[in-house]
Amino acid sequence: MAWAIKFTRSAQKDAKKLDHEARQRIRQFEERLSASDDPRQLGQPLRGKMAPLWRYRVGSYRLVCAIRDEALVVLVIRIGHRREVYR
């Protein structure tokens with residue numbers, strides 16, 4: 001079962017701000033995530049006001065995502081450095 005990875009416009013803007021190496025690592029992680037049977041195995045759920053969202057670690061960067069089981073989609077909402085992405 002293959003999962004589709006989609007980006008919001010704000011996540012696309014965040015990705016454009018990253019350096020080439022970070023974007024390359026995120027692309028490699030996307031391939032790994034889309035090939036996974038369950039994207040929850042690779043991430044961790046967020047708590048508090050961001051509760052229904054999931055986070056994925058890619059080096060020093062984090063992908064904040066919503067998982068849509070009914071459509072087999074992982075929607076990337078934000079991409080950023082770990083110290084800034086949750087603000």
Please report the shortest heavy-atom distance between P39 and S36, naming the atom on each side. N-OG, 4.0 Å
Could you tell me which non-hydrogen atom of A15 sits nearest to which non-hydrogen atom of R23, and how far apart they are? O-CD, 3.3 Å
Transitively linked via ILVMFWY side-chain contacts under 4.5 Å: V74 with F29? yes
Could you measure the distance from the CD atom of Q41 to the CD atom of Q44? Nearest 0.5 Å is fine. 13.5 Å
Would you name the heavy atoms of Y56 and R40 that are closest together and state the gap between them? OH-N, 4.3 Å
Partner of I79 under side chain to side chain contact (heavy atoms under 4.5 Å, CB included), picked from V85, V64, L63, is L63
Judged by atom type as modelled, is there a donor-acceptor pair below 3.5 Å linking the side chain of W54 to the main-chain atoms of I67? no
Checking side chain to side chain contact (heavy atoms under 4.5 Å, CB included) between R62 and each of R78, R83, E84, R55, which is the one that passes? R55
Measuring from atom CD of Q12 to atom NZ of K16, what distance do you get when rounded to the nearest 0.5 angstrom? 6.5 Å
Which heavy-atom pair separates W3 from L72 by the least distance, and what is that distance? CE3-C, 3.3 Å
Least distance between heavy atoms, I77 atom then T8 atom: O-OG1, 3.2 Å
Could you check whether the rings of Y61 and H81 sit parallel, tilted or perpendicular, using 30° and 60° as the cut-offs? perpendicular
Go through the steps to decide whether K6 and V76 satisfy the test side chain to side chain contact (heavy atoms under 4.5 Å, CB included), and finish with yes or no. CA-CA 6 Å; K6 297 189 177 184; V76 180; over 6 Å; no
Can you find a pair of side-chain heavy atoms, one from E30 and one from F7, that are under 4.5 Å apart? yes
Please check if any side-chain donor atom of Q24 sits under 3.5 Å from a side-chain acceptor atom of R27, or the reverse. yes
